[in-house]
Each structure stands twice: as C-alpha cells, then as structure tokens.
Amino acid sequence: MRVISGDYGGRPLKTLPGKTTRPTSDKVRGAMFNMIGPYFDGGRVLDLFAGSGGLSIEAISRGMTQAVLVERDRQAQAIIRENIAMTKEAGKFQLLSMEAKQALQLVQEPFDLVFLDPPYAEETIVETITDLCQKNLLAEEVMVVCETDKQVQLPEEIADLGIWKEKIYGITKVAVYVR
C-alpha cells in the first residue's frame with residue numbers, strides 16, 4: 001500500500017498483517033478520493049475506525065489540514081504511529097487510542113470529512129452518523145464516506161444526511177452522505 005496522490009504521494013503505508021484490520025486497497029482509495037475530491041482546500045477529517053490510518057493520511061496529503069484518527073487495537077495504533085511518522089508532519093494528526101463511541105464523547109469541533117469503515121457496518125454506521133449529527137460534530141458541507149461490504153444496504157437517509165453517491169468496487173461498496 002502507498003499514498004496515492006498529493007504531498008505524500010508514492011510514500012509507502014504499512015498495514016497490520018492478518019485480518020484484524022481490512023485496509024482499503026490503493027485502487028478503492030484512489031477511486032474514493034476521485035469521487036469526493038480529489039483535492040481539498042483545508043478542513044478537518046475524522047477517521048473513526050482508522051486501521052492503518054491510510055484514509056486520513058491520504059486526506060491530509062490531498063489538502064485537509066487536520067486529522068483525528070480513532071483506533072482501539074494496540075497493534076493497529078503502532079502501525080498508525082509509524083505511518084504518521086512517515087509524513088514528517090505529525091502535528092497534523094491526532095491519534096485517539098480508544099473505542100469510537102468513547103472518542104465521540106471527547107471530540108468537540110465539527111468535521112468536514114468523516115470516514116466510517118467499522119467492522120460491523122450494518123449495526124454501526126446508522127448509529128454513528130446519528131450520534132455525530134446529534135453532537136453537532138459535522139460541518140455544514142460535510143461528506144461522510146462509508147465503506148462496507150457490497151451486500152450491506154444502508155438507508156437513503158440517516159439523520160439529516162442523504163446518500164449523494166454510491167459505487168461498488170469489487171467486494172467493497174462506498175456510500176457518501178451529505179446534507
């Protein structure tokens with residue numbers, strides 16, 4: 001895996017061996033960013049189930065200014081720290097080593113871009129987006145990017161967000177919610 005484009009483009013990303021995390025492939029990540037960007041003029045990104053941190057590192061590489069990464073798995077946290085160190089701009093990243101629900105109690109400023117790739121997408125995505133809306137953690141022009149298995153059927157609307165784009169890449173489905 002590598003950073004696809006932007007300031008860190010071409011730099012390698014480490015991933016956790018085994019099936020603890022499911023890193024987004026370079027192909028899917030590239031397609032996802034072409035769908036939502038591909039580049040940004042600042043903003044805050046939240047990667048709530050960060051895994052290797054690849055999605056938020058790609059977002060910073062493409063112009064977002066600050067990233068909050070949430071990951072509960074200790075081995076994945078170590079990989080994220082190594083990947084953040086590779087950027088040589090660690091000040092742009094904040095790693096919260098905890099469960100997603102716990103992190104949502106701590107963060108206070110709204111986010112412009114949110115990545116949701118939870119282990120159990122069907123049960124978690126609707127609840128998480130609803131929680132983010134209720135806590136006013138989403139900017140007015142927010143994009144919430146949900147990555148699931150292609151079999152998962154997400155609702156057309158969650159809280160005050162609706163699906164803007166939805167695409168299938170192999171076994172992966174990407175749904176983007178906006179206001």
Side-chain angles (χ1 to χ4, degrees), residues 1-40 42-100 103 107 111-121 124-125 128-129 132 142-150 152 165-177:
M1 281 191 33
R2 64 183 173 83
V3 179
I4 309 289
S5 188
D7 293 344
Y8 317 136
R11 295 186 195 179
L13 288 169
K14 295 184 178 184
T15 60
L16 198 60
K19 299 193 189 270
T20 309
T21 60
R22 302 168 331 279
T24 303
S25 72
D26 289 357
K27 179 183 174 185
V28 172
R29 199 163 7 97
M32 183 186 298
F33 277 90
N34 284 335
M35 198 162 99
I36 64 171
Y39 296 97
F40 308 100
R44 287 171 39 90
V45 59
L46 174 64
D47 192 350
L48 209 47
F49 305 90
S52 68
L55 290 172
S56 46
I57 290 171
E58 187 78 39
I60 294 291
S61 181
R62 291 171 181 250
M64 297 300 276
T65 48
Q66 184 184 15
V68 175
L69 298 86
V70 180
E71 180 55 57
R72 67 178 183 191
D73 183 89
R74 289 192 191 282
Q75 291 176 306
Q77 293 164 13
I79 296 290
I80 291 169
R81 286 187 191 94
E82 288 182 52
N83 285 335
I84 288 172
M86 168 277 302
T87 70
K88 298 185 176 22
E89 293 186 309
K92 293 184 176 185
F93 301 90
Q94 178 184 11
L95 173 60
L96 300 178
S97 304
M98 60 188 65
E99 295 278 342
V107 293
F111 294 94
D112 304 286
L113 179 61
V114 177
F115 292 110
L116 297 178
D117 182 13
Y120 304 104
T124 310
I125 288 178
T128 302
I129 291 176
L132 285 161
V142 70
M143 282 189 282
V144 179
V145 181
C146 306
E147 187 178 343
T148 65
D149 181 89
K150 72 177 181 182
V152 173
K165 289 185 179 179
E166 190 173 50
K167 295 216 189 251
I168 294 175
Y169 305 98
I171 61 167
T172 303
K173 182 189 291 184
V174 176
V176 182
Y177 285 85

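Just so it is clear, the model here is predicted, and its values are computed rather than measured.
- Y169 and S25 are not linked by any side-chain donor-acceptor pair at a separation below 3.5 angstrom, with hydrogens and angles left out of the test.
- Using modelled atom types, no side-chain atom of D112 and backbone atom of V142 make a donor-acceptor pair closer than 3.5 Å.
- Panel note: side chain T128, backbone T124; a donor-acceptor pair is recorded below 3.5 Å.
- Judged by distance alone, the side chain of E71 and the main-chain N or O of G51 form a donor-acceptor pair under 3.5 Å.
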Check the pair L132 / V114 against side chain to side chain contact (heavy atoms under 4.5 Å, CB included), numbers first and verdict last. CA-CA 10 Å; L132 285 161; V114 177; 4.1 Å; yes
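- Between K14 and S52 the shortest side-chain heavy-atom distance does not fall below 4.5 Å.
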Carefully, step by step, assess Q77 and L95 under the rule side chain to side chain contact (heavy atoms under 4.5 Å, CB included). CA-CA 8 Å; Q77 293 164 13; L95 173 60; 4.1 Å; yes
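- For F33, the ring pair (Phe, Tyr, Trp, His ring centres under 6.0 Å) partners two or more places apart in sequence, or in a different chain, are F115.
- Here the side chain of K173 pairs a donor or acceptor atom with the backbone of V152 at under 3.5 angstrom.
- Side-chain contact check for Y8 and E89: at least one donor-acceptor pair (N or O, by modelled atom type) lies under 3.5 Å.
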Show, in sequence, the C-alpha distance, side-chain angles and deciding distance for F49 and V70, and conclude whether the side chain to side chain contact (heavy atoms under 4.5 Å, CB included) test is met. CA-CA 6 Å; F49 305 90; V70 180; over 6 Å; no
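- Taken from CZ in F93 to CD1 in I57, the straight-line distance is 5.0 Å, to the nearest 0.5 Å.
- Side-chain contact between L16 and D73: present, with at least one pair of heavy atoms (C-beta onward) separated by less than 4.5 Å.
- E58 contributes a side-chain N or O that, together with a main-chain N or O of I4, makes up a donor-acceptor pair within less than 3.5 Å.
- A donor-acceptor pair is defined here as one N or O able to donate and one able to accept, closer than 3.5 Å; such a pair exists between the side chain of S61 and the backbone of S5.
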Show your reasoning for whether side chain to side chain contact (heavy atoms under 4.5 Å, CB included) applies to V145 and I36. CA-CA 9 Å; V145 181; I36 64 171; 3.9 Å; yes
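- No donor-acceptor pair closer than 3.5 Å links the side chain of Q94 to the backbone N or O of L69.
- Side-chain atoms of K165 come within 3.5 Å of backbone atoms of M35 as a donor-acceptor pair (strictly under, hydrogens ignored).
- Listed for the R62 side chain is no donor-acceptor partner under 3.5 Å among the backbone atoms of D7.
- If you take CD on Q66 and CG on L46, they are separated by 10.5 Å, rounding to the nearest 0.5 Å.
- Atom CD1 of I168 sits in a crowded spot, with more than 12 heavy atoms from other residues, nucleotides or ligands closer than 6.0 Å.
- Between K92 and M64, the closest side-chain pair of non-hydrogen atoms is not below 4.5 Å.
- Using a 4.5 Å heavy-atom threshold, the side chains of L113 and F40 count as touching.
- Between V107 and L96 there is a side-chain heavy-atom pair separated by less than 4.5 Å.
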